[in-house]
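Reading through the structure tokens given below for one structure.
Index from 1, following the sequence. Ligands are counted one by one from 1 in listed order, and the atoms in each one are counted from 1 as well. Just so it is clear, the values below take in all heavy atoms, side chains as well, and ignore hydrogens, waters and symmetry mates.
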Amino acid sequence: MPSIIRKAAEHSERIAIHDEGLSYTYSDLLEASRDLAYELLTGQDDLRGSCVAFMVDPGFGYVSVQWAIWRAGGICVPLCLTHPLPSLTYVLEDTRSDVLVVSPRFETLLADHARTNNLRLIVLGREHPTRVVALPEVAAERDAMILYTSGTTSKPKGVVLTHENLEAQITTLTDAWGWSAMDHIVNVLPLHHIHGIVNVVSCSLSNGATLTFLRQFSADRLFDIFLEGRVNVFMAVPTIYFKLIAHWNLLPADRQAAIHDALSAFRLLVCGSAALPVSVMEDWRRISGHTLLERYGMTEIGMAISNPLDGERRAGAVGLPLPGVSVRLVDEQGMELAPGEPGEIQVRGHNVFRCYHNRPEATEEAFAPGGWFRTGDMAVLEDGYYRIMGRTSVDIIKSGGYKISALEIEEVLREHPSIEDCAIVGLPDEEWGELVAAAVVSNADIDFTALTAWLRDRIPAYRVPRRYLRVDQLPRNAMGKVMKPEVRPLFGA
Ligand code: MLC
Ligand code: AMP
């Protein structure tokens, strides 16, 4: 049994979750996930690693489904709640999920696809009483979850994480960040990515802590929750801190002071998933009295490098390798580098994923000899702390904490009848980290509002370009490849 579920029994009467005004104990979670596991199994003894996709609102229902899949021996495939249908069906087809669990509000969106593809559709709240069976023993080496992440291939890849991987990721953060049953965290992050799933939900629930869900990010509602004085831990991406600061600046002085007092009493505030601008770190210190703890991670590895809980938290740096995680920097030939020399971050440890789902070549390419995972991120070790310098590929963009493949957007954009050619780049932006921008070659009149709507039906909204530039031609190298760094300055022209 995954240790998160085994440990829940030790805290059975403690409050695990606050969701939409209701409170649920660890016992409630165990009971709901067990009943759902029976329903998933429908008389079988073990799902034997078949994929169960779910599109469920963050809250008690989400965790019950996640735990039920694990308890039944299945693999969790959490879907993004805001993705358009083509992005959802891509994941359903790529994972060949047999079962789909949805919150009632997503039933209409997915019912046709489920029917046509013979997927069993379970609508939460409409489960049926099913046969009680003995739940299977699920070994730690078995696959637990597939998360989709964009990379240097145009389509997102499924990252397969085992129970052992998840346990290693949770354990290292528990030790490094001092998680305990006295903690209370609020989640505002989407629950199809590692940051929300592991760092917030699984770490809190593995430690008998309390987790409050805010279903959708709202600075005002989040400040209301902080002001209740129960939450003492918070984790988010830099864009969220930017938005909180912008909102706080507009508040009357008495509310500002009350928020400052509430935040000062927090135990821990963490930031990651993208570079934390030093200005955001400083503004947040003024508002909260805390120096944000910045850390570095990735879907494939969980968290790898972190500033310390106690000790210097250095602005612009991500700190030191986490316990149990090995980190090295290498040059283009794969030679390990000395401190002060910039190179690619490579990571090894039980935290590192097993493979890309059904992509043996991509998996092989992702690892250097010795089992080191090539992150594609560049860093330098300075005075004992790692500082992230950027990525080895210009085709990977991070916006609002989401990883975006330029190639995926280009491929879709080229299908538009008015677009002859295009290049997607990320433009530096204080709020979003990077803004998706498109240089397009076209001889036709383009209605950019209509083009945006056309793209939104095909790719997730956060991947849709925010800036367009019409160009007569794109700069190319001798191999005929578009020179992206040459495209970027065009936007400033
Ligand atoms: C949305 N908008 C954007 C945008 N996304 N504009 C520019 N760039 C983007 N990327 C615009 C919308 O069009 C809309 O504009 C307005 O912002 C509000 O949209 P929204 O969708 O309601 O945004 P909001 O809910 O405020 O979302 C912002 C956010 C969200 C920061 C809360 O992006 C988010 O949850 N990000 C976290 C992603 C995450 O968890 N990443 C971790 C990956 S794991 P208009 O004009 O229409 O109003 C990982 C590993 C690790 O990275 O290390 O953790
Ligand atoms: P994802 O694939 O969505 O998990 O995103 C992982 C990527 O986010 C990493 O490869 C980094 O490029 C980036 N990232 C995560 N944390 C940080 C950080 N603290 N500073 C800079 N980049 C970060």
Side-chain angles (χ1 to χ4, degrees), residues 58 78 80-83 147-152 156-157 159 161 169 173 187-201 214-219 221-222 235-244 246-247 270-277 280-281 292-307 314-319 322 344-345 347 353 373-379 385-393 396-405 426-427 429-437 449 452-453 455-456 460-467:
C80 175
L81 306 187
T82 56
H83 276 188
L147 299 180
Y148 276 77
T149 186
S150 294
T152 45
K157 298 192 284 282
V159 173
L161 296 153
Q169 295 178 7
L173 294 185
N187 180 69
V188 293
L189 294 167
L191 292 182
H192 62 294
H193 280 307
I194 205 107
H195 193 165
I197 298 173
V198 171
N199 299 20
V200 179
V201 174
L214 180 58
R215 293 207 170 176
Q216 209 186 345
F217 172 70
S218 145
R221 290 193 57 205
L222 196 52
M235 299 182 190
V237 301
T239 302
I240 289 182
Y241 285 105
F242 182 98
K243 285 173 178 288
L244 289 175
H247 188 74
V270 180
C271 185
S273 300
L276 170 63
V280 171
M281 190 175 190
L292 283 170
L293 185 158
E294 186 178 3
R295 71 1 173 233
Y296 160 86
M298 197 172 178
T299 306
E300 288 88 336
I301 58 174
M303 299 304 110
I305 309 177
S306 172
N307 274 283
R314 198 181 296 166
V318 289
L322 282 158
E344 186 193 4
I345 307 174
V347 177
F353 76 126
F373 172 66
R374 309 175 204 263
T375 62
D377 289 308
M378 299 289 292
Y385 278 32
Y386 286 90
R387 182 166 63 81
I388 310 289
M389 303 177 76
R391 283 174 293 270
T392 52
S393 168
I396 292 178
I397 299 167
K398 265 257 155 162
S399 188
Y402 284 112
K403 196 173 187 187
I404 295 169
S405 161
L427 300 179
D429 183 81
E430 223 195 336
E431 178 171 9
W432 296 99
E434 286 179 289
L435 271 187
V436 178
T449 312
T452 297
L455 280 169
R456 274 176 175 253
Y462 56 82
R463 296 183 197 157
V464 173
R466 308 282 154 171
R467 301 272 185 280

Between [X] and ligand 2, which residue portion shows a heavy-atom distance shorter than 4.0 Å: side chain, backbone, both, or neither?
X	result
Thr299	both
Arg391	side chain
Ala274	backbone
Glu294	side chain

Any heavy atom of Arg295 closer to ligand 2 than 4.0 angstrom?
yes

Does Ile194 have a non-hydrogen atom less than 4.0 Å from ligand 2?
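Not so, Ile194 does not reach ligand 2.
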
Would you call the rings of Phe353 and Phe373 parallel, tilted or perpendicular, where under 30° means parallel and over 60° means perpendicular?
perpendicular

Give the atom numbers and elements of ligand 2 that come within less than 4.0 Å of a heavy atom of [X].
X	result
Gly297	6 (C), 7 (C), 9 (C), 15 (C), 16 (N)
Thr149	2 (O)
Val318	19 (N)

Between [X] (side chain only) and [Y] (backbone N and O only), is there a donor and an acceptor less than 3.5 Å apart?
X	Y	answer
Thr375	Ile345	yes
Lys403	Gly151	no
Arg221	Leu214	no

Nitrogen or oxygen contacts under 3.5 Å, ligand 1 side and protein side:
from	atom 1	to	atom 2	distance (Å)
ligand 1	6 (N)	Arg466	NH1	3.4
ligand 1	10 (N)	Ser399	OG	2.8
ligand 1	13 (O)	Arg466	NH1	2.6
ligand 1	36 (N)	Gly400	O	2.8
ligand 1	41 (N)	Gly401	O	2.9
ligand 1	52 (O)	Ser273	OG	3.3
ligand 1	52 (O)	Lys398	NZ	2.5
ligand 1	53 (O)	Arg295	NH1	2.7
ligand 1	53 (O)	Gly297	N	3.4
ligand 1	53 (O)	Gly297	O	3.3
ligand 1	54 (O)	Ser273	OG	2.5
ligand 1	54 (O)	Arg295	NH1	3.4
ligand 1	54 (O)	Arg295	NH2	2.7

Interatomic spacing from CG in Asn307 to CZ in Arg314 - rounded to 0.5 Å
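Reported value, rounded in 0.5 Å steps: 8.0 Å.
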
To the nearest 0.5 Å, tell me how far Glu344 CD sits from Met378 CE.
7.5 Å

Could you tell me the residue and atom name of the protein heavy atom closest to atom 21 (C) of ligand 2, and the distance to it rounded to 0.1 Å?
Ala275 N, 3.3 Å

Do me a favour and list the nearest non-hydrogen protein atom to atom 16 (N) of ligand 2 with residue, atom name and distance?
Ser273 N, 3.2 Å

The one among Asp377, Ile305, Thr392 that brings a heavy atom closest to atom 10 (O) of ligand 2:
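The nearest heavy atom belongs to Asp377.
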
Glu431, CD atom: more than 12 neighbouring heavy atoms under 6.0 Å
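Yes.
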
With the side chain counted from C-beta on, respond yes when Thr149 and His193 share a heavy-atom pair under 4.5 Å apart, and no when they do not.
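No, side chains not in contact.
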
Would Lys398 count as a polar contact of ligand 2, with the cut-off being nitrogen or oxygen pairs under 3.5 Å?
yes

